[in-house]
Visitor: 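Have a look at this one.
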Amino acid sequence: MNNQRRNVLKTGSGAALLSVLAAAGIITPGMALADWNKAAFDAKSMADTLKAIGAGTPVDSKDVQVTGPDIAENGAVVPVGVSSTLPNVTMVAILIEKNPNALAASFTLPEGTEASVQTRVKMGQTSNVYALVKSDGKFFMATKEIKVTLGGCGG
Amino acid sequence: MANPMKIRAANKEGVTEVKVLISHEMETGQRKDSAGALVPGWFITELTAKHNDKVVLSSEFGPSVSKNPYLAFKFKGGAKGDKIVVSWKDNKGETRTDEAAIG
Amino acid sequence: MIQRFIRTLVGMAVATAVIGSVSAQDSKVADELAKYREALADGNPADLLEVKGEGLWAEKRGPKNASLEQCDLGLGPGKLDGAYAQLPKYFKDTNKVMDVESRLVHCMVSLQGFKQEEVTKQWFSRPGKESDIEALVTFIGAKSNGKPINVPATHPEEAKMAKMGEYIFYRRSGPQDFSCSICHGQEGKRIRLQELGNLTTKDGAGFAMKTWPSYRVSQGAVWTMQRRLIDCMRQARWPEPNYLADSIIALETYLQKTATGTVMETPGIKR
Amino acid sequence: MKLKIALFGLLTAAIAIPALAQKAPEAPGGKYAKEAEQMFRSSFRTDNPKYWMSRLDQDDTMKTCGTYRDNPPRKVGEQIEKANRTTIRYPVDGKLIGDWKEGEKLAAVGTGGHIGFIQPDPAGRVRGGNCYACHELAKKELAYGTIGPSLHNFSKLRGTSDDIIKYAYDKIYNSNAFSACTNMPRFGLLNWLTPEQITHIVAFLVDPESPVNKD
């Protein structure tokens, strides 16, 4: 991404600006991030992220789980996942409290897809990791701390 | 051009598990190069998986998904030989689509 | 693939047992670490590079518009199965002991007509800059998966290289008094949480050598053995030896000779 | 306290005794050692800065330790220890115990001092002691190495006497003054850490308030 576009994306927002950019040839229609929830991925704190997702204040639920090991040998690749036994789960997301932007990834699950998704994320430091789940239109959450450890030779 | 994905899909007792490995830099936009200049962000933003023509997963990634992303999920249905198609798009507008048969 | 995964699991169980936990906390750490490594093993990004390397091997490239399919890695032209596991070895045509990378570069120069400095310029990848050599070596390595390492070093030149490698292994210098041996010359130790094999024994050297080339998650790239060893020297705070330097090939010969008999499990994935 | 140091010495000697029993193995490289040294030296770019290349130079301790595969006969070991004992320098104000909080930071830092073209450290990057690479220290740090002994509860077990403080300082400054060819770097002698930085690490080990001596 060139710096020009980076800057406009940083400062600008909204459909009007995007169409202007498209008209100017800076972005082509195919690459306009129509669905990508920019506000949610740009949010810094947990609270702002949840707000941008429209999750309000999720209820802690023992039927939601952050899956994966408690210790990461390296923060560049941390295996994490979300799983839930709640009914009618339509969305799950992974949030990392101490990352510069809390939201790592979100997944929309059509009917028939199980509430069990695994991926790998970067973590700058030891942090609480949250699994967010939308079930029957309501948001639920679970958390666990994942410890990021340093390696031997130190870089 | 982006390198192909590696897609594995296996059906077990009516549930298909899909595992995807993607070749992508996933540059955060917050890293500095050796000269101290900020390296621009370059990461996958969206990923969709289809079983035959039905969407079975749509995902949005931020830059904190690891380099060479890995993804695993499960859906009901799907039979041996059915087609799984995975597509991604990054913030530079680059896209890539690969497919695999359920084994 | 599944076999490789299971072997990795067994290997980890052994490694965990070797650490020998002194407290409940330590054993919990070891358990979670094993889980972490297990999660990474199922989905090794090196597999992506292996596919790319396979393509590069067969593709007609270079000024001579030739593929590498006639490259002789020690078992005869085009014979790839098990070739990585029997390197380094002495080659008559160059009158040198060569490792997989120096031999591959030799083929790229002699068969494809590339210039050596051109083809080795990107001998390892950087973010956004892929390395053909990395991909090719990953592919060649994978073709020895399941094969025992076999570097008896019986040819006088090979025997000499192994001895010179041994010398470098114990050679201490630099602002931290380092040598390879200070970390890799004893049993059952670890640096931070990473187990350090005793590279002077068959088991230790085997445990270390069998998984290379390996995807390094901390680097987001596959590392070849040249890259691994050159970086060891960087970590020792020495200057970097040149790519394909004889001293690196000597160390490889020493280590592969010691590891001989160990079954390859590559590409690996590591911290 | 002196007794404890003496005991420690005895213990070290006891560990070293089995080495005496066996015949010393051949020096690494055998008859090719000299040629190997030349080959190693010629493996580097000729335009490397001089101070980079000077890091390949070996003092007598390094050379001797390499020759004996870090396991010298007791007599040779004693000579190495004696020679290294004379090298220890102290801070100008004579204070051997500094700020444990600074020491805690240095114990965790493993970066600094990398040279070369691939991944050099940026100028001015702190060179840490990287103690956790090899030692267990504060209980809260899970990722510790085992190349060296556990130093958890260092002063709880050994006390905080002047002798212990001096021993800790000297050992960090020049480990080879106590055990020849140990894996531990000679942090002070080789200017990796300043005397002041060493006093901070000593404080991290000895200060009763340091997390090393808590829980």
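In what follows, chains carry the letters A, B, and so on, assigned in the order in which the sequence lines appear, proteins first and then strands, with residues in each chain numbered from 1.
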Visitor: Is B:Ser23 close to C:Lys52 at the side-chain level, that is, under 4.5 Å between some pair of heavy atoms?
Guide: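 Side chain of C:Lys52 against side chain of B:Ser23, heavy atoms only: no contact under 4.5 Å found.
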
Visitor: Using non-hydrogen atoms only, which part of B:Met5 is less than 4.5 Å away from chain C: side chain, backbone, both, or neither?
Guide: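 Backbone of B:Met5 only, per the 4.5 Å heavy-atom cut-off to chain C.
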
Visitor: If the contact rule is any heavy atom under 4.5 Å from chain C, which residues of residues 53-67 of chain B qualify, in numerical order?
Guide: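 Listed by number: B:Lys67.
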
Visitor: Salt-bridged, C:Asp42 to B:Arg8, with N to O below 4.0 Å?
Guide: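 A salt bridge is present here (some side-chain N lies under 4.0 Å from a carboxylate O).
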
Visitor: Rounded to the nearest 0.5 Å, what's the gap from CG on C:Asn44 to NZ on B:Lys6? Could you check?
Guide: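 Reported value, rounded in 0.5 Å steps: 8.0 Å.
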
Visitor: Heavy-atom count around C:Lys147 NZ within 6.0 Å, excluding the residue itself: above 12?
Guide: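 Result for NZ/C:Lys147: enclosed.
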
Visitor: Do you know which two heavy atoms are closest between B:Leu21 and C:Leu48, and how far apart they sit?
Guide: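 Residues B:Leu21 and C:Leu48, closest heavy atoms: O-CD2, 3.7 Å.
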
Visitor: Give the member of C:Gly128, C:Gly220, C:Pro127 that has the highest number of heavy-atom pairs under 4.5 Å with chain B.
Guide: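 Most heavy-atom pairs under 4.5 Å with chain B: C:Pro127.
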
